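Take a look at the structure set out below.
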Amino acid sequence: MTESVPTSEILTVKQLISSFDWSNTILGSQDSWPLNLQAILSLVLNTSSPMIIYWGRENIALYNDAYAKLIGTKHPALLGRPLINIWPERKAHFNQVVSAVYQKETIRYTSNYQIPGIPLQHSTPTQIEVTYNPILGDQNQVQGMLSIVTESSLSTTSPTQTIEQLIGGLAHDFNTLLAGIIGNLELMQMRIEQNKANLLPRYIHAAQKAATQATEITHQLLSFSRRQILTPHIVDPNHTIQALLDTFQNCIKEGKDHIKEHINLQIQLEADIWSVFCDPEHLKNAILHIFQNACEAIHSSNGKITIETHNIIITPSHPLRKFINHGEYISIVVQDNGIGMSPDIINRATDPFFTTKPLGKRAGLGLSMAYGFTKQSNGHLTIDSNPKAGTTISLFLPRHYNSMTIHKLNSNSMKANLLKTLLISQDNHLCMLLSENLKDLGYSMTIAQTTKETFTLLKSNSQFNFVAIDTRILPNTPTDFLSTIKTNYPQLPILFITGYEETPIVFDSFIREQNFIIRKPITHTVLAECIKAIQDSKNHLIS
């Protein structure tokens, strides 16, 4: 793979994979890679822990930047190559690993490790633990291996067993969801060939549901790795809870025993609740995770969960004053009469690696995500609980003082020749998706794939209503690139399109009234909401 990339350039693994021509390799064109490989690779590339995928019987290696640092001079030679060709000195060992994993076993071992290519006097051997997990296809067959590396010396606060439980549960869920997506797509193709188009909606709905759940898992991983960018909007807390009512009921109905099916859910919302300025999706996820924990805590037939909202004032003498500034806040309270928690469990409940759930259950992220979200939103999360006496979890978020205006979403294809956008991206899938959706929203789209093309198009056409930037294409000095755009085109709104960002702080100075962020995967509704906000920012309202 090194032949196609100049050695003088310092590229990330993601950039190396994107720029390489895979059509002549065993894997074939990247567009044709199996959906589960693409999904798992996306997760691997977007995490800060060293991970490597060995795909297929040839064990083609695909890994992330953290793993690249771990293998020293073997990078980038290992990327896209069979495992045995790169590690010939450990052929017997890897043959045993591959044989076991393809029997659906998980292999773990600990050893002393030194980064290849670094002289002994400049490095210290580190004890690492390596785990190999099978990657299953939709027919439950092993398609490859996922290897995760952790430093045993750093595992005092994050036990290896808990890490395995977390990753194993997520991997299992992802394989299940991918099977749902792939299986329903295959059924759709079959029904089209059979001229049974009337059956398509049920398969579309099932595939969309599985894809949405997979997206939620991805967001959990990104939040856990602190790589998720918050995109705040003005939010009505009562409306958020009301929008989750069906989801709450589904959680209750999907309980594994008859006790949870009879949980009494009560909603008590303050009539004139204040609005808040936060990420609406993260708020929904935080409330939902807390609610799910409440459901799991109930083991009696008189189970009860109460969700409340309140306007509160934190005075200088208030007990919460040591955690948040005094002022006006809203609180969202979720109370259950479940088994409760002891003080030592409460103290560790927001630790992302801590769980009281049995082995094999996906656990350890929900409360950590909720706590991290509230802190990033200048709020706080409290837990009040006693064994056998239930639990009360409260989210506190600062009041937003500006009035909230709710606009209808509209589209007007007749204005397609008047409304224009510039998309800066090299992702063919993203370009096609945005082109179709923007056309429905009344926009024509021009694509730029390089920095040079971007400024050429901006200079020759000053009539763009906004510019959309796929953050994966940003150069190594994104601040300079963005500053040039804002200096030369100060009134031009920017829409940042991101699924993961290593340095979100780069965008802080660019997120102003006219600049926006949208997260992948992009849906038509979410894009329409963002486009409406952009239109409003330029006072180009669609009537």
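What you see is a predicted model; the values in this text were computed from it and never measured. The first residue of the sequence shown is numbered 1, and numbering continues consecutively from there.
Atom-to-atom distance recorded for Ile330:CD1 and Ile332:CD1 is 4.0 Å, nearest 0.5 angstrom. In this structure, CG in Leu433 is found 8.5 Å from CG in Leu438, a value given to the nearest 0.5 Å. The CG atom of Asn64 sits 11.0 Å away from the OG1 atom of Thr12 when rounded to the nearest 0.5 Å. Expressed to the nearest 0.5 Å, how far CE of Met190 lies from OH of Tyr203 amounts to 8.0 Å. For the atom pair Phe291 CZ and Leu265 CG, the distance stands at 5.0 Å (nearest 0.5 Å). Atom CG of Asp470 sits about 6.0 Å away from atom CD1 of Ile497, to the nearest 0.5 Å.
In this structure, the side chain of His318 engages the main chain of Leu320 through a donor-acceptor pair within 3.5 Å. For the pair Asn311 (side chain) and Trp274 (backbone), a donor-acceptor distance under 3.5 Å is present.
Scored by the side-chain hydrogen bond (donor to acceptor under 3.5 Å, both in side chains) test, Lys304 finds no partners at all (sequence neighbours excluded). Partners of Ser342 by side-chain hydrogen bond (donor to acceptor under 3.5 Å, both in side chains), not counting sequence neighbours, listed by chain and number: Asp344. Residues satisfying the side-chain hydrogen bond (donor to acceptor under 3.5 Å, both in side chains) criterion with Gln268, sequence neighbours excluded, are absent altogether.
The local environment of CG in Asn198 is crowded, with over 12 non-hydrogen atoms from other residues, nucleotides or ligands closer than 6.0 Å. For His239, the NE2 atom counts as loosely surrounded, since its 6.0 Å shell holds 12 or fewer non-hydrogen atoms of other residues, nucleotides or ligands. Heavy atoms of other residues, nucleotides or ligands lying less than 6.0 angstrom from NE2 of His205 number 12 at most.
Taking the six-membered ring where the residue is Trp, His380 and Phe323 present parallel rings, their angle staying beneath 30° rather than reaching 60°.
Between the side chains of Asp384 and Thr392, no donor-acceptor pair of N or O atoms lies under 3.5 Å. Judged purely by distance below 3.5 Å, without hydrogens or angles, the side chains of Thr309 and Asn238 pair a donor atom with an acceptor atom.
For residues 282-294, the pairs satisfying salt bridge (Lys or Arg N to Asp or Glu O under 4.0 Å) are Glu281-Lys284, with sequence neighbours left out. Within the structure, the salt bridge (Lys or Arg N to Asp or Glu O under 4.0 Å) test picks out no pair touching residues 263-278 (sequence neighbours left out). Residue pairs meeting the salt bridge (Lys or Arg N to Asp or Glu O under 4.0 Å) criterion with at least one member in residues 318-330, sequence neighbours excluded, are Glu328-Arg399.
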